[in-house]
Trainee: 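The structure follows.
Just follow the structure's listing: the first ligand is 1, and inside any ligand the first atom is 1. Sequence positions, counted from 1, serve as the residue numbers for this chain.
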Amino acid sequence: MRIHIATDHAGLDFSQTIQEHLASLGHDVIDHGPTSYDPIDDYPSFCINAAQAVVRDQRAGVEALGVVFGGSGNGEQIAANKVTGVRAALVWNHSTAVLARQHNDANVISIGARQHTVDEAMSLIDAFVAEPFSLEERHVRRIAQLAEYEATGAIAGHLVDPA
Ligand SMILES: O=C(CO)[C@H](O)[C@H](O)COP(=O)(O)O
């Protein structure tokens with residue numbers, strides 16, 4: 001699996017340790033930064049670059065996922081979800097890691113580095129990467145509705161207020 005990683009200053013130590021862990025498991029890890037600690041850096045561009053790379057890879061038929069870190073993970077999830085084709089989930093326990101794949105076919109997860117130990121975060125990421133999408137019809141249908149809204153601003157057969 002290719003795994004695209006991004007963070008900001010709040011998750012930089014985490015990110016480096018976790019990248020080594022993922023590489024030791026044989027994953028192809030790609031770091032989208034930052035490359036050095038800057039306490040006033042901004043997470044959006046790092047996370048958007050990682051998210052774009054996931055979508056680009058998946059569209060090219062490459063198995064790829066993304067993991068973004070921040071202090072809470074909230075802003076990083078929001079940033080990743082601005083990229084068309086991204087389904088980014090905030091993961092904070094084993095169940096949300098597994099369900100992000102099973103139900104949501106999430107292609108990016110976000111983890112708050114100030115909310116977990118690095119060992120906890122590694123186990124959340126391992127659970128996420130190991131879990132397949134269930135392919136159950138109701139989940140496929142809901143994900144398709146999200147993609148349709150993203151593409152057209154509407155969901156056929158459902159009332160969506162105009163943006
Ligand atoms: O989690 C985050 C965004 O959701 C950021 O990592 C966090 O806001 C950074 O905080 P600070 O600039 O105070 O170190």
Trainee: If you measure from each heavy atom of Gln77 to ligand 1, is any distance below 4.0 Å?
Mentor: no
Trainee: Is Glu150 atom CD crowded by more than 12 heavy atoms from other residues, nucleotides or ligands, each under 6.0 Å away?
Mentor: yes
Trainee: Could you tell me whether some N/O pair between Gly70 and ligand 1 is separated by less than 3.5 angstrom?
Mentor: no
Trainee: Provide, to 0.1 Å, the distance between atom 14 (O) of ligand 1 and the closest protein heavy atom, together with that atom's residue and name.
Mentor: His9 NE2, 2.6 Å
Trainee: So how far is it from Ser134 OG to His139 NE2, rounded to the nearest 0.5 Å?
Mentor: 4.5 Å
Trainee: Tell me the protein heavy atom at minimum distance from atom 13 (O) of ligand 1, and give that distance in Å.
Mentor: Arg114 NH1, 4.1 Å
Trainee: Give me the nearest non-hydrogen protein atom to atom 2 (C) of ligand 1 as residue plus atom name, then the distance to 0.1 Å.
Mentor: Glu76 OE2, 3.2 Å
Trainee: Can you say whether the rings of Phe14 and Phe69 are parallel (under 30°), tilted (30 to 60°) or perpendicular (over 60°)?
Mentor: perpendicular
Trainee: Evaluate the side-chain hydrogen bond (donor to acceptor under 3.5 Å, both in side chains) criterion for residues Asp38 and His9: first the C-alpha distance (whole Å), next the side-chain angles of each, then the deciding distance (0.1 Å), finally the verdict.
Mentor: CA-CA 6 Å; Asp38 173 356; His9 58 280; over 6 Å; no
Trainee: With atoms numbered from 1 as shown, which atoms in ligand 1 lie under 4.0 angstrom from a non-hydrogen atom of Gly71?
Mentor: 1 (O), 2 (C), 5 (C), 6 (O)
Trainee: I'd like to know if atom 8 (O) of ligand 1 has any protein heavy atom within a distance of less than 4.0 Å.
Mentor: no
Trainee: Quick one: nearest non-hydrogen protein atom to atom 4 (O) of ligand 1, plus distance?
Mentor: Gly75 N, 2.8 Å
Trainee: For ligand 1, which atoms have a heavy atom of Ala10 less than 4.0 angstrom away?
Mentor: 6 (O)
Trainee: Check whether any side-chain N or O of Asp105 sits under 3.5 Å from a backbone N or O of Phe133 as a donor-acceptor pair, and report yes or no.
Mentor: no
Trainee: Testing Val108, Asp31, Asp57 for side chain to side chain contact (heavy atoms under 4.5 Å, CB included) with His4, which one passes?
Mentor: Asp57
Trainee: Hey, does His21 have a side-chain heavy atom less than 4.5 Å from the side chain of Thr17?
Mentor: no
Trainee: Could you establish whether Gly73 and ligand 1 come within less than 4.0 Å of each other, counting only heavy atoms on the residue side?
Mentor: yes
Trainee: Using the ring of Phe128 (Phe, Tyr or Trp, six-membered ring only), decide whether Arg101 places NZ or CZ under 6.0 Å from its centre and within 45 degrees of its axis.
Mentor: yes
Trainee: Return the residue, atom name and 0.1 Å-rounded distance of the protein heavy atom closest to atom 5 (C) of ligand 1.
Mentor: Asp8 OD2, 3.3 Å
Trainee: Under a 4.0 Å heavy-atom limit, does Ser72 contact ligand 1 with its side chain, its backbone, both, or neither?
Mentor: both
